[in-house]
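If you read the sequence from its start, that first residue is 1, and numbering goes on from there. Note that the structure is a prediction, hence the values are computed from the model and not measured.
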Amino acid sequence: VLQLLCADKDKDGEVSTDEEEALAEKLSADAANLLTNMGVIAALTLSIVFPMAVAAGETSDASTAYFGARAARALALAFYALASVECGISLGAVYYSVRSYTILSFWMPSAQDKIWYIRDISLVPLVLAAIVMVVLAAVAIPCGAAAFVSPLAALFATAGLALFAAAMVH
């Protein structure tokens, strides 16, 4: 409703066809930018996490000595599981972004169609995917550091992620 009020540039109480088309173009450009950005974020996440998820590594001697062989192996398995799930979510987010961008940009010819699609498309899955990717990384990175590097590396990874989270909140 607020955007419709803002779209009425001549303040006559009615949104003309030109004003509606301008609103549709602005909304579609904003949605396309969001879809592009979310797709790039998901693709970058995938490019970082995928090599780690498929690399077969042995637990470090320091981790095995500190945690024990079973716990170090459990941390490694947790890391691989979390990284694999993150890869799947990243692939899904890239697909959803590309599909939605293509539909919005190439298959919606009129202003009414673009407004209908933007109103009915749900960008919530992309936002939720980004949140889940951050949470998975926040758990996977310390697990991987603990299993493959050392307990001290896990401590630094956890502290760094805590500082990052604190900075994001403020």
Side-chain angles (χ1 to χ4, degrees), residues 1-9 15-57 75-149 157-158 160-170:
V1 174
L2 183 59
Q3 293 215 348
L4 285 175
L5 291 174
C6 291
D8 187 16
K9 298 292 182 193
V15 178
S16 68
T17 304
D18 292 337
E19 293 168 337
E20 184 179 334
E21 287 181 18
L23 175 64
E25 289 304 316
K26 181 188 179 315
L27 289 176
S28 65
D30 290 346
N33 286 336
L34 178 64
L35 290 167
T36 301
N37 290 337
M38 295 302 285
V40 168
I41 290 168
L44 287 173
T45 302
L46 183 63
S47 72
I48 292 168
V49 175
F50 181 75
M52 293 186 290
V54 298
L75 286 168
L77 291 175
F79 170 76
Y80 285 131
L82 293 169
S84 297
V85 170
E86 188 157 359
C87 286
I89 291 171
S90 296
L91 276 172
V94 168
Y95 171 77
Y96 191 85
S97 295
V98 169
R99 181 183 62 98
S100 298
Y101 182 87
T102 303
I103 291 170
L104 180 64
S105 298
F106 302 113
W107 296 352
M108 297 293 144
S110 70
Q112 290 85 11
D113 291 338
K114 288 180 180 182
I115 289 176
W116 168 81
Y117 186 71
I118 291 167
R119 185 182 50 210
D120 287 349
I121 186 177
S122 179
L123 297 176
V124 173
L126 283 176
V127 174
L128 290 177
I131 292 169
V132 170
M133 285 188 289
V134 168
V135 170
L136 287 174
V139 177
I141 291 171
C143 286
F148 301 115
V149 182
T158 304
L161 288 170
L163 289 173
F164 175 73
M168 294 304 291
V169 171
H170 296 300

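- In this structure, CD1 on I41 lies 13.5 Å from CG on L46, to the nearest 0.5 angstrom.
- Taking each heavy atom of T158 and P142 in turn, the nearest pair found is OG1-CB, 3.4 Å.
- Of the inter-residue distances, the one linking I89 atom CD1 with S84 atom OG reads 11.0 Å to the nearest 0.5 angstrom.
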Could you walk me through whether W116 and M108 pass the side chain to side chain contact (heavy atoms under 4.5 Å, CB included) test, one step at a time? CA-CA 9 Å; W116 168 81; M108 297 293 144; 4.1 Å; yes
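- Between T45 and S90, the closest heavy-atom pair is CG2-OG, 3.6 Å.
- L161 and A138 get closest at one heavy-atom pair: CD1-O, 3.5 Å.
- Here the closest non-hydrogen pair linking D113 and P109 is OD2-CD, 3.5 Å.
- Remark: Y117 OH is packed, more than 12 non-hydrogen atoms of other residues, nucleotides or ligands lying under 6.0 Å away.
- Judged purely by atom type and a 3.5 angstrom limit, Y96 has no side-chain atom pairing as donor or acceptor with the backbone of L91.
- If you run side chain to side chain contact (heavy atoms under 4.5 Å, CB included) between V124 and each of L128, L126, V127, only L128 comes through.
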Just do the side chain to side chain contact (heavy atoms under 4.5 Å, CB included) check on L123 and L35 with the steps written out, would you? CA-CA 8 Å; L123 297 176; L35 290 167; 3.6 Å; yes
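- Interatomic distance, S28 OG to N33 CG, rounded to the nearest 0.5 Å: 9.5 Å.
- Between G57 and Y80, the closest heavy-atom pair is N-OH, 3.0 Å.
- Annotation for E86 and M133: closest pair OE2-O, 3.1 Å, computed over non-hydrogen atoms.
- Remark: the backbone N or O of S97 is not paired with any side-chain donor or acceptor of S100 at under 3.5 angstrom.
- With rounding to the nearest 0.5 Å, the separation of CD1 in I141 from CZ in F79 is 8.0 Å.
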